[in-house]
Amino acid sequence: MTDLMTREMTPMQVAEVFTKSGMFPDAKSVATAATKLIVGRGMGLSDYDSMSGLHIIKGKCVLASNTMAAAIKSSGKYDYRSVSTDQECSITFYSVSLDGSKHEIGTTTFTLADAQNAGLRGDNWRKYPKAMLFARCISAGYREH
């Protein structure tokens, strides 16, 4: 199903297809899936990206970090550059002018020490520290800048 096809369907119709597919275990009801689709469409996300990149946590729709990163890059208004190690991730954010020039608007850093202070000690932090640091850093910068 192409995004063009699903855009012609109501969120309830698309939600029914996605819920029945079983591909999205967190969408246990058509209403939950439709909510993700409506919020995602409002943010300019495709229906698939809404289902895979939006999560409902404590009654709020929250973007996954990879969806935030993609939204920044695809916006045409913002960009970022990151530098990551297993100990720290720093991301510099830019605004993009109509002529394509970039202007730095800020830098966000998240360290392994920050993760430990926040009590983030799960298995993924041990296995994939670089990826986890990037995820926390991009989400902090997305909100801040």
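With values rounded to the nearest 0.5 angstrom, Met51 atom CE is found 12.5 Å from Leu45 atom CG. With rounding to the nearest 0.5 angstrom, the CD1 atom of Ile91 is 4.0 Å from the SG atom of Cys137. Separation of atoms OH (Tyr78) and NE2 (His145) is listed at 11.5 Å; rounding is to 0.5 Å. Here the CG atom belonging to Leu112 is positioned 5.5 Å from the CG atom belonging to Leu133, to the nearest 0.5 angstrom. Summarising the geometry, atom CZ belonging to Arg126 is positioned 12.5 Å from atom CE belonging to Met132; distances are rounded to the nearest 0.5 Å. Note: Leu54 CG to Thr32 OG1 = 12.5 Å, rounded to the nearest 0.5 Å.
Nearest heavy-atom pair, Ala34 versus Ala15, reported as atom, atom and distance to 0.1 Å: N-CB, 3.4 Å. Residues Phe24 and Ser52 approach most closely at CE2-N, 4.0 Å, considering heavy atoms.
Remark: side-chain polar atoms of Ser97 are not paired, donor with acceptor, to backbone N or O of Asp99 under 3.5 angstrom. Side chain of Thr19 to backbone of Glu16: no donor-acceptor contact under 3.5 angstrom is found.
Put simply, Val30 and Met9 are part of two different groups of oily side chains (I, L, V, M, F, W, Y) that touch within less than 4.5 Å, one to the next. The same ILVMFWY cluster, assembled from side-chain heavy atoms under 4.5 Å apart, contains both Ile105 and Met68. If you chain together hydrophobic residues whose side chains sit under 4.5 Å apart, Ile56 and Leu37 never meet in one group. No continuous path of hydrophobic side-chain contacts links Val83 to Phe110 [ILVMFWY only; heavy atoms under 4.5 Å].
For the side-chain contact (heavy atoms from CB on, under 4.5 Å) test with Thr111, the passing option among Arg136, Gln116, Glu88 is Glu88; the others fail.
Taking Lys102 as the reference, Asp79, Arg81, Tyr94, Val96 meet the side-chain contact (heavy atoms from CB on, under 4.5 Å) condition, with sequence neighbours excluded.
You'll find the side chain of Arg41 reaches within 4.5 Å of the side chain of Val14, heavy atoms only.
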**Verdict with supporting geometry, Ile138 and Phe93, side chain to side chain contact (heavy atoms under 4.5 Å, CB included)** = CA-CA 10 Å; Ile138 196 77; Phe93 294 85; 4.1 Å; yes
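Apart from Val62 itself, the hydrophobic cluster it occupies contains Ile57, where clustering links Ile, Leu, Val, Met, Phe, Trp and Tyr at side-chain heavy-atom distances under 4.5 Å.
Within a 6.0 Å sphere centred on NZ of Lys73, other residues, nucleotides and ligands contribute more than 12 heavy atoms.
The aromatic rings of Phe134 and Tyr80 lie tilted to each other, with the angle between the two planes from 30° to 60°.
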